[in-house]
Amino acid sequence: MQSKRSIFEETGIVVLNNAVNRELVLLINKTVTFWINTYAKELACDIGDYLKSVSRWAHPCLMTEQFYPSIETPLMDIARAFIGGSVRLHKINIISKSAYADLPVPCHQDISYSREDPYEFSLWLALQDVNLSDGVLEFLPYSQKDKIEPAVDFWSPEFIDHKHQSAKWQKNLIKVPVKMGDVIAFDSRIWHRSAKNTSGQNRFALVTRWSRSNHPLSLDIPERIPAYFGMWTCAKVTESLLKKGLEKLSQQAVDADFATIIKLWQKQLTYQKKLPFNIDTEKTTKALAGVSILHYAATYHNGGDAQGKVYAHLWYSLLRLINQWLNTDG
């Protein structure tokens, strides 16, 4: 492990081959698949529709609680042996890049999103073989030594991944295909992304975040810069715009929670009630359904959208039009 740690300390990333035995990885896979099926049934939706909206599940949830007792000790042993001392576990996530939600995740530094609970490194456990076409992880080696930048708000509809387009990234990036049971260890400050999954196969990973025990972190992590409609604001903005839109249409106050407001808009579209602006009804219906699934999953499954596209679809199909209408006279 010493040689692996030396590579990690220099480049910010290293692969620990065959770190977790196949039987345990298959058990986790079986559990993840079972709970995805169960969660979709709860919402009375297809598995594909569920996975279009939900691509991350954080611990604790019923999914992770079932397999965590089996993986806790092996992961702790890996982290201790890798870093050369006692460790503290900060976060656990299952990440999905499925055939239904296959988009790339833009370049970012993980540490920028954990200002309140900073950690040192991640262990990314491959639950399937990850080839170049399966949404492979890409890293910019040595970039953990760069200044920590503000968290990248790639949920904003206007976001452009300039880092990925840069000559430096294109020249120096490394792609890291791995086998089932391999673990990618990487620094929380390193710039990385995941590519589009073009294989048509589901790709799941168990991602844990760690730091050394009794080792205070002294990191200058910038404050977040929220966009008007982005990662930290889109849910509230969506609820507000949908609510205000209904109130302007009906000329009366709407006293309802987010889930009910979504249903009222779905009813508007189902009965083809005329709107004061033109929309693509099919796209808007699908976008509302996606936000509804994500909202339920966030509430009851500790689920989330790792790719940041669910709310963006609704922004383009409906919300921006409501926003424009609300800000016009009449």
Side-chain angles (χ1 to χ4, degrees), residues 15 17-59 61-68 70-71 75 91-106 122-138 154 175-184 186 192-208 286 289-294 296-298 300-310 312-313:
V15 176
N17 301 108
N18 302 310
V20 178
N21 71 69
R22 182 179 180 84
E23 290 72 21
L24 184 49
V25 174
L26 289 173
L27 172 64
I28 298 171
N29 264 316
K30 183 177 180 180
T31 303
V32 170
T33 300
F34 171 82
W35 280 105
I36 288 173
N37 291 339
T38 301
Y39 289 158
K41 287 178 182 177
E42 281 183 18
L43 274 71
C45 69
D46 294 337
I47 293 172
D49 288 334
Y50 184 81
L51 287 176
K52 283 178 184 176
S53 297
V54 190
S55 48
R56 176 188 58 78
W57 299 267
H59 183 68
C61 65
L62 291 173
M63 176 194 290
T64 60
E65 286 175 343
Q66 187 165 340
F67 68 71
Y68 181 64
S70 301
I71 194 68
L75 282 176
K91 299 178 184 179
I92 306 169
N93 287 276
I94 290 289
I95 302 293
S96 163
K97 191 180 285 286
S98 69
Y100 306 99
D102 57 4
L103 296 174
V105 173
S122 295
L123 297 180
W124 195 97
L125 169 61
L127 301 184
Q128 290 89 20
D129 291 352
V130 181
N131 299 307
L132 293 177
S133 61
D134 295 316
V136 69
L137 293 192
E138 300 177 4
F154 55 84
K175 300 182 180 184
V176 187
V178 286
K179 297 293 185 182
M180 175 193 289
D182 288 351
V183 165
I184 305 174
F186 59 94
H192 64 288
R193 71 185 289 269
S194 62
K196 180 180 174 68
N197 183 351
T198 60
S199 69
Q201 303 298 314
N202 293 337
R203 185 271 268 166
F204 298 109
L206 171 60
V207 188
T208 49
K286 288 180 179 179
V291 170
S292 179
I293 291 170
L294 178 58
Y296 187 97
Y300 297 104
H301 307 158
N302 213 357
D305 174 13
Q307 299 174 21
K309 299 302 179 186
V310 175
H313 290 322

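FYI, the numbering just counts along the sequence from 1. Quantities reported herein were computed from a predicted structural model and do not represent experimental measurements.
Here Glu65 contributes atom CD and His59 contributes atom NE2; the two are 6.0 Å apart, rounded to the nearest 0.5 Å. Atom OG1 of Thr33 sits about 8.5 Å away from atom CE of Met63, to the nearest 0.5 Å. Here the CZ-CD1 distance, from Phe204 to Ile94, works out to 8.5 Å after rounding to the nearest 0.5 Å. Leu27 CG to Ser70 OG: the interatomic distance, rounded to the nearest 0.5 Å, is 5.0 Å. Rounding to the nearest 0.5 Å places CG of Leu26 at 10.5 Å from OG1 of Thr31. Note that the OH atom of Tyr68 and the CG atom of Leu206 stand 10.0 Å from one another [nearest 0.5 Å].
Annotation: Lys309, atom NZ; neighbour count of heavy atoms from other residues, nucleotides and ligands within 6.0 Å does not exceed 12. A 6.0 Å sphere centred on NZ of Lys286 holds no more than 12 heavy atoms belonging to other residues, nucleotides or ligands.
A distance-only check finds no donor-acceptor pair linking the side chain of Asn93 to the backbone of Ile95 [under 3.5 Å]. In this structure, the side chain of Asn302 does not engage the main chain of Cys61 through any donor-acceptor pair within 3.5 Å. Judged purely by atom type and a 3.5 angstrom limit, Arg203 uses its side chain to pair as donor or acceptor with the backbone of Gly135. For Asp305 (side chain) and Val54 (main-chain N/O), no donor-acceptor pair under 3.5 Å exists by modelled atom type. Looking at Asp134, its side chain never comes within 3.5 Å of a backbone N or O of Asn197 through a donor-acceptor pair. Using modelled atom types, one side-chain atom of Ser53 and one backbone atom of Gly290 make a donor-acceptor pair closer than 3.5 Å. In this structure, Asp46 contributes its side chain and Asp49 its backbone to no donor-acceptor pair below 3.5 Å. Judged by distance alone, with hydrogens and angles left aside, the side-chain atoms of Tyr39 form no donor-acceptor pair with the main-chain N or O of Gly303 at under 3.5 Å. In this structure, Ser122 contributes its side chain and Trp124 its backbone to no donor-acceptor pair below 3.5 Å.
Scanning all heavy atoms of the two residues, the minimum distance from Ala19 to Val183 falls at CB-CG2, 3.7 Å. Considering every non-hydrogen atom in both Leu125 and Ile28, the closest pair reads CD2-CD1, 4.4 Å. Contact between Ser55 and Ala306 at its shortest, heavy atoms only, is OG-N, 2.8 Å.
Classified by interplanar angle (parallel below 30°, tilted 30° to 60°, perpendicular above 60°), the ring pair Tyr50/Trp57 is parallel.
Judged by distance alone, the side chains of Asn202 and Gln128 never bring a donor and an acceptor atom under 3.5 Å apart.
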